[in-house]
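What follows is a single structure, written as structure tokens, with notes after it.
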Amino acid sequence: MTKINFPNNFLWGGAIAANQTEGNIGLKELSNSNFIPVGNRRFSVAEGMSAIQRSSLEYYPADRGINFIEHYKDDIKLFSEMGFKVFRFSITWSRLYPQGEEKYPDSDGLKLYDDIVNECLKYNIEPLITISHFDVPIKLVEKYNSWANRKMIDLYLNFCKTLFVHFKERVHYWITFNEINMILYMPFMSSGLILENLDNPEQIKLDALHHEFIASALAVKLGHEIDKNNQIGCMVAAGDLYPRTCAPNDVLKTQKENQRNYFFTDVQLRGKYPNFALKYFKKKGLKVPFKSGDRTILESGIADYLAISYYNSGTMSSNKSELCEIKGNVFPSLTNPYLKKSEWGWQIDPVGLRITLNSLFDRYEKPIFIVENGLGAKDNANQTLIQDDYRISYLKAHILAVNDAINVDGVDVIGYTPWGCIDLVSASSGEMSKRYGFIYVDENDKGEGSMIRRKKKSFYWYKDVIRTNGKSLEN
Ligand code: BG6
């Protein structure tokens with residue numbers, strides 16, 4: 001085993017998002033996530049292909065989350081007990097701008113995030129803020145079809161300005177959009193897009209994505225102007241694809257599919273649309289909605305670091321008849337016979353994390369922050385201390401792979417914030433029973449339960465990892 005040697009300033013911590021934790025208490029206007037039910041309609045709503053409506057017959061888990069709004073003080077205290085150096089969370093845009101278009105932010109909303117940030121700082125925890133994590137005020141969805149309209153850029157920048165000015169010198173790490181590439185698969189969940197009954201959904205998605213790219217680049221620039229110490233990252237759901245065989249056509253297909261994902265980071269870290277993407281759009285009859293000045297904006301708004309989520313690798317084949325069987329984190333892939341799967345069918349591949357880190361670092365030479373990773377699994381709450389050894393062994397294997405990437409391969413990884421450090425609502429399924437946390441939350445898939453928090457075995461394990469800067473894993 002490679003000697004464990006994480007940098008002294010390595011940012012150990014954990015990650016959550018508002019739409020999966022906060023709940024609606026104090027919310028003055030809803031967000032897109034409040035319209036995504038559990039059950040049969042979930043995927044079609046998340047894809048923007050089903051009516052956006054709320055019915056008393058359905059349950060919308062974002063309404064309740066884990067009631068973080070009333071528990072954040074105790075939760076952050078638990079994070080500090082684990083020794084977190086950083087805590088990643090996101091802001092509900094409509095708490096600050098209920099209509100999305102007000103000139104000034106709502107003071108109650110701002111006070112809430114003030115308190116959350118101050119609570120982190122009280123324990124010397126660095127806040128890492130995702131400005132937009134699958135979150136759009138519903139009023140902007142209704143009025144503009146969200147990011148399909150270029151007007152969203154100004155509204156988003158006004159929101160960013162409020163955050164950058166208000167949290168100046170208190171918050172240094174930002175992510176402009178969570179998993180910007182998720183717009184391909186979950187356009188309503190990720191970006192508030194309604195595509196039902198539209199003639200050219202692919203073009204609408206490209207319009208929206210271009211607007212997000214421009215907004216992100218302008219936010220990077222603005223964030224630096226307001227505080228030169230701001231570190232502003234872009235983020236993708238990462239995970240390299242492997243060819244199913246060494247047949248050249250399988251390799252070529254895999255390369256093309258990997259490019260499909262690198263496209264998002266190419267734009268945000270190289271500052272321009274790559275040729276392969278422009279050729280693809282042309283072939284499909286799609287047009288990037290460039291306005292004059294956009295190319296300069298992209299060039300001058302390159303992100304400071306690359307934030308990634310990593311849950312699984314994937315496998316590709318050139319043979320169209322081999323239908324994609326696995327949808328680990330919604331990405332189509334074949335089954336890889338060398339890998340085990342989680343209870344939700346996500347393939348477990350720690351070496352894939354090392355491979356992915358190498359690919360991305362070779363390509364961009366930018367610091368990489370792993371802001372999501374983890375195992376969604378059922379826990380047995382009847383145990384006095386929940387024995388989540390499966391979670392520990394998943395995380396251990398992935399952290400060891402990160403250590404190899406840093407110490408053997410020379411990849412610059414700056415931090416690691418496992419996803420759902422406290423149990424939260426699953427984005428893909430809306431379930432609570434798909435748990436990632438070091439801390440158990442007493443709540444079931446219908447949103448029932450006491451919300452009482454309990455430390456799991458992994459809580460003590462992770463505390464040791466952080467305390468020893470990873471060295472406890474040598475045992
Ligand atoms: C990422 C998202 O795609 O994966 C999170 O950024 C999400 O919001 C996480 O929760 C895990 O996915 P799931 O579907 O298991 O919640």
Side-chain angles (χ1 to χ4, degrees), residues 42-44 46-47 49 134 178-187 189-190 202 205 209 235-266 276-277 280 306-360 362-363 368 370-377 390 394-395 397-398 401-402 405 419-420 426-429 431 434 436:
R42 188 170 182 83
F43 262 94
S44 58
E47 286 171 345
M49 290 301 185
F134 296 170
N178 179 64
E179 297 181 336
I180 199 164
N181 49 340
M182 213 45 103
I183 195 172
L184 290 183
Y185 306 98
M186 304 271 212
M189 178 182 279
S190 128
E202 291 309 310
K205 277 203 261 180
L209 177 63
M235 181 184 170
V236 283
D240 272 16
L241 299 168
Y242 309 143
R244 192 168 107 73
T245 73
C246 50
N249 280 334
D250 281 349
V251 177
L252 182 65
K253 170 73 179 167
T254 308
Q255 186 180 52
K256 291 275 137 208
E257 287 296 316
N258 275 323
Q259 278 180 339
R260 211 166 122 88
N261 224 18
Y262 298 147
F263 156 65
F264 296 87
T265 34
D266 282 356
F276 64 79
Y280 173 83
L306 168 57
I308 64 164
S309 61
Y310 175 86
Y311 292 94
N312 49 264
S313 58
T315 303
M316 270 296 138
S317 156
S318 58
N319 184 347
K320 283 198 184 126
S321 67
E322 289 180 323
L323 283 174
C324 287
E325 303 146 1
I326 295 281
K327 290 199 165 187
N329 206 7
V330 306
F331 296 99
S333 160
L334 301 176
T335 296
N336 182 332
Y338 301 97
L339 301 177
K340 295 205 172 93
K341 294 175 198 162
S342 78
E343 288 168 87
W344 273 263
W346 295 22
Q347 305 189 102
I348 300 172
D349 183 11
V351 177
L353 174 55
R354 180 173 170 189
I355 292 169
T356 301
L357 289 170
N358 272 281
S359 301
L360 293 171
D362 285 353
R363 201 168 175 104
I368 302 180
I370 304 165
V371 296
E372 283 185 39
N373 174 234
L375 177 72
Y390 35 89
Y394 177 102
L395 292 170
H398 284 77
V402 177
W419 177 246
S426 156
S428 56
S429 70
E431 295 162 303
K434 189 178 187 193
Y436 287 87

side-chain contact (heavy atoms from CB on, under 4.5 Å) evaluation trace for Met235 with Ser309: CA-CA 8 Å; Met235 181 184 170; Ser309 61; 3.7 Å; yes
Interatomic distance, Glu431 atom CD to Ser426 atom OG [nearest 0.5 angstrom]: 6.0 Å
Considering residues at least two apart in sequence or located in another chain, which fulfil the salt bridge (Lys or Arg N to Asp or Glu O under 4.0 Å) criterion with Glu257? Lys253, Arg260
To the nearest 0.5 Å, how far apart are CG in Asn358 and CG in Leu353? 10.0 Å
What distance separates Tyr242 OH from Asp250 CG, expressed to the nearest 0.5 Å? 15.5 Å
Begin from the C-alpha positions of Ile348 and Tyr390 and carry the test side-chain contact (heavy atoms from CB on, under 4.5 Å) through to its verdict. CA-CA 12 Å; Ile348 300 172; Tyr390 35 89; over 6 Å; no
Residues in side-chain contact (heavy atoms from CB on, under 4.5 Å) with Thr254, at least two apart? Leu241, Pro243, Asn258, Met316
Work out which heavy atom in Gly376 is nearest to a heavy atom in Ser342; give both atom names and the distance. O-CB, 4.3 Å
Of the non-hydrogen atoms in Ser333 and Gly314, which two are nearest, and what is the gap between them? OG-CA, 3.4 Å
In Å and rounded to the nearest 0.5 Å, what is the CG to CH2 distance from Asn312 to Trp344? 15.0 Å
Roughly how far, to the nearest 0.5 Å, is the CD atom of Glu372 from the CD atom of Glu179? 5.0 Å
What residues, two or more places apart in sequence or in another chain, satisfy salt bridge (Lys or Arg N to Asp or Glu O under 4.0 Å) together with Arg244? Glu322
All side chain to side chain donor-acceptor pair (under 3.5 Å) counterparts of Glu202, not counting sequence neighbours: none
Who pairs with Asn181 by side chain to side chain donor-acceptor pair (under 3.5 Å), at least two apart in sequence or on another chain? Asn261
Residues which pass salt bridge (Lys or Arg N to Asp or Glu O under 4.0 Å) with Glu343, listed by chain and number, not counting sequence neighbours: none
For Asp240, check salt bridge (Lys or Arg N to Asp or Glu O under 4.0 Å) against everything at least two apart and list the hits. none
Closest contact, heavy atoms only, Leu360 versus Ile368: CB-CD1, 3.9 Å
If you look only at pairs with a residue in residues 345-356, which of them pass as a salt bridge (Lys or Arg N to Asp or Glu O under 4.0 Å), with sequence neighbours excluded? Arg354-Asp404, Arg354-Asp409
Please work out whether the ring planes of His398 and Tyr310 are parallel, tilted or perpendicular, with thresholds of 30° and 60°. tilted
When rounded to the nearest 0.5 angstrom, what distance separates CD1 in Ile370 from CG in Leu357? 4.5 Å
Here the pair of heavy atoms bringing Tyr311 nearest to Tyr394 is O-OH, 3.3 Å
Side-chain contact, heavy-atom cut-off 4.5 Å: Tyr280 with Phe263? no
Looking at residues at least two apart in the chain, or sitting in another chain, which of them share a side-chain contact (heavy atoms from CB on, under 4.5 Å) with Gln255? Leu252
For a quick test of reading the model, state the closest non-hydrogen atom pair linking Leu395 to Gly374 and the distance between them. CD2-CA, 4.0 Å
Using the test ring-ring contact (aromatic ring centres under 6.0 Å, His included), find all partners of Phe43 that sit at least two apart in sequence or belong to another chain. none
Is the shortest heavy-atom distance from the side chain of Ile308 to the side chain of Asn373 under 4.5 Å? no
side-chain contact (heavy atoms from CB on, under 4.5 Å) partners of Asp266, counting only residues at least two apart: Tyr262, Arg270, Pro274, Phe276, Arg363, Tyr364
Looking only at non-hydrogen atoms, find the nearest pair between Ala401 and Pro350 and report the distance. CB-O, 3.3 Å
With a 4.5 Å limit on heavy-atom distance, are the side chains of Asn319 and Asn249 in contact? no
Test of understanding: with side-chain contact (heavy atoms from CB on, under 4.5 Å), list the residues that count as partners of Ala427, not counting sequence neighbours. Gln20, Phe134, Met189
